[in-house]
**Student:** 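Below is one structure. I have some questions about it.
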Amino acid sequence: MSALIAPSILSADFANLQRDIEMINSSNADWIHIDVMDGRFVPNISMGIPVVEAVNRIARKPLDVHLMIVEPEKFVEAFAKAGARVISVHEEACNHLHRNIQQIKSLGIQAGVAINPHTPVSVLENVLMDIDLVCLMSVNPGFGGQKFIENTYEKIKALKGMIVSMGSKAKIEIDGGVSMTNAAKLLGYGADVLVAGNSVFSSPQPIKAIEELKSIQY
Ligand code: DX5
Ligand code: ZN
């Protein structure tokens, strides 16, 4: 079995975004990961609805949209209309997480929940049967190119145990600091989807970097 690979365009060259999306199109990546930041939930601002809409016009891979924003319920419909096929909201940003998940599912797309490094996986217990994806942040969200947090392995193990014992269909996505140095270990612990920004886009051969991640068997 191989992982789903989701290059993160946060590390793309925004002046050459079409070129970089076409690179992903021609690779064997599975999804395109798009990081949306509002300068409130995280200390940075990235891209929004018009960029997702533009990427969707040329992308030939499903768009995996990671909302690092407060009050995501105000925007999920617009992101779905712009072409998102998976939308993840942060548990820490939702007062009514269950309602937010139902809202995403009512739009006919996959629903994910992201949790920060400090948030225990146990907060997901009562929504795990309702969601398609858990995005485990393995860095503090807001920036690409950060160092992987080692405690993530224990969180994957605990979450995988919950998913298996409950019979949930949720996939485990790892976001932050993923590279060939930790990818095999992450998959061994139970990860299903690997987000990779810096390790793909800083590579002189990004298609090959994606292929290497994809070729790990577990
Ligand atoms: C961080 C973002 C990540 C980021 C990962 O807030 O959610 O998706 O792009 O980038 P790398 O792989 O460079 O750590
Ligand atoms: Zn992300």
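The structure displayed is predicted, hence computed values, not measured ones. Atoms within each ligand, like the ligands themselves, are counted from 1 in listed order. Computed from heavy atoms alone, side chains included, the values below leave out hydrogens, waters and symmetry copies.
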**Student:** Considering non-hydrogen atoms of the protein only, which is the closest contact for atom 5 (C) of ligand 1, and what is the distance?
**Tutor:** D175 OD1, 3.5 Å
**Student:** Less than 3.5 Å apart, any donor N or O on the side chain of N28 or E211 sitting next to an acceptor on the other?
**Tutor:**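 Their side chains do contain a donor-acceptor pair, which is all the 3.5 Å distance test asks for.
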**Student:** For ligand 1, which atoms have a heavy atom of L10 less than 4.0 angstrom away?
**Tutor:** 9 (O)
**Student:** Counting only heavy atoms, tell me which of S88, S179, G177 gets closest to atom 14 (O) of ligand 1.
**Tutor:**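 Comparing heavy atoms across S88, S179, G177, the nearest one to atom 14 (O) of ligand 1 lies in G177.
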**Student:** Would H98 and N126 satisfy side-chain hydrogen bond (donor to acceptor under 3.5 Å, both in side chains), going step by step from the backbone distance to the final call?
**Tutor:** CA-CA 9 Å; H98 184 273; N126 292 296; over 6 Å; no
**Student:** Given the side-chain rings of F148 and Y153, with only the six-membered ring counted for Trp, is the space between their centroids under 6.0 Å?
**Tutor:** yes
**Student:** Test your reading of the structure: does V195 have an N or O sitting under 3.5 Å from an N or O of ligand 1?
**Tutor:**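 No: no nitrogen or oxygen of V195 is under 3.5 Å from one in ligand 1.
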**Student:** What protein heavy atom lies closest to atom 6 (O) of ligand 1? Include the residue and the distance to one decimal.
**Tutor:**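 Looking only at protein heavy atoms, the one closest to atom 6 (O) of ligand 1 is G142 N, 2.7 Å.
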**Student:** Quick one: look up the protein heavy atom nearest atom 10 (O) of ligand 1 and list residue, atom name and how far away it is.
**Tutor:**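 The closest one turns out to be G144 CA, 3.7 Å.
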**Student:** Any idea which part of A196 is under 4.0 Å from ligand 1, heavy-atom wise: side chain, backbone, both or neither?
**Tutor:** backbone
**Student:** Looking at G176, which atoms of ligand 1 are within less than 4.0 Å of one of its heavy atoms?
**Tutor:**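 Atoms satisfying the 4.0 Å criterion: 14 (O).
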**Student:** Going hydrophobic residue to hydrophobic residue with side-chain gaps under 4.5 angstrom, can you get from I210 over to W31?
**Tutor:** no
**Student:** If you measure from CG on D30 to CD1 on I5, what distance do you get to the nearest 0.5 Å?
**Tutor:** 6.5 Å
**Student:** Should H33 and D35 be marked as a side-chain hydrogen bond (donor to acceptor under 3.5 Å, both in side chains) after you check the CA-CA gap, both sets of side-chain angles, and the distance that decides it?
**Tutor:** CA-CA 7 Å; H33 186 85; D35 289 307; 2.9 Å; yes
**Student:** Atoms of ligand 1 less than 4.0 Å from G145 heavy atoms?
**Tutor:**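 This gives 11 (P), 13 (O), 14 (O) as the contact atoms.
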**Student:** For atom 9 (O) of ligand 1, what is the closest protein heavy atom, and at what distance to 0.1 Å?
**Tutor:**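 For atom 9 (O) of ligand 1, the nearest protein heavy atom comes out as S8 OG, 2.7 Å.
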**Student:** Using modelled atom types and a 3.5 Å cut-off, is there a donor and acceptor pairing between side-chain atoms of E77 and backbone atoms of K74?
**Tutor:**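 Here the side-chain-to-backbone pair does not exist.
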**Student:** Working to the nearest 0.5 Å, report the span between CG of N198 and CG of L10.
**Tutor:** 10.0 Å
**Student:** Closer than 4.0 Å to some heavy atom of N198 - which atoms of ligand 1 meet that?
**Tutor:**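 That gives atoms 11 (P), 12 (O), 13 (O) of ligand 1.
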**Student:** Of the protein's non-hydrogen atoms, which lies at the shortest distance from atom 4 (C) of ligand 1, and what is that distance?
**Tutor:** D35 OD2, 3.6 Å
**Student:** With rounding to 10 degrees, what does the angle H33:NE2 / the Zn ion (ligand 2) / D175:OD2 come to?
**Tutor:** 100°
**Student:** Determine the interplanar angle of the H90 and F41 rings, folded into 0 to 90°, and report it as parallel if under 30°, tilted if 30 to 60°, perpendicular if over 60°.
**Tutor:** tilted
**Student:** Check each atom of ligand 1 against the heavy atoms of M137 and keep those under 4.0 Å away; list them by number with element.
**Tutor:**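 Every atom of ligand 1 under 4.0 Å from some heavy atom of M137: 7 (O).
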**Student:** With a 4.0 Å cut-off on heavy atoms, does F201 reach ligand 1?
**Tutor:** no
**Student:** Would you mind listing which atoms of ligand 1 come within a distance below 4.0 Å of any non-hydrogen atom of H33?
**Tutor:** 8 (O)
**Student:** In this structure, which one of I156, T119, V195 forms a side chain to side chain contact (heavy atoms under 4.5 Å, CB included) with L136?
**Tutor:**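 Of the listed options, the one satisfying the test is I156.
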**Student:** Near H66, which atoms of ligand 1 are under 4.0 Å from a heavy atom of that residue?
**Tutor:** 7 (O)
**Student:** To the nearest 10 degrees, calculate the angle at the Zn ion (ligand 2) involving OD1 of D35 and ND1 of H66.
**Tutor:** 90°
**Student:** How about R99: does its CZ atom have over 12 heavy atoms from other parts shown lying under 6.0 Å from it?
**Tutor:**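 Result for CZ/R99: open.
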**Student:** Among all protein heavy atoms, pick the one closest to atom 12 (O) of ligand 1 and tell me residue, atom and distance.
**Tutor:** G197 N, 2.8 Å
**Student:** With a cut-off of 4.0 Å, which atoms of ligand 1 are near a heavy atom of F143?
**Tutor:**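 That gives atoms 1 (C), 6 (O) of ligand 1.
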**Student:** Are there more than 12 heavy atoms of other residues, nucleotides or ligands under 6.0 Å from atom NZ of K171?
**Tutor:** no
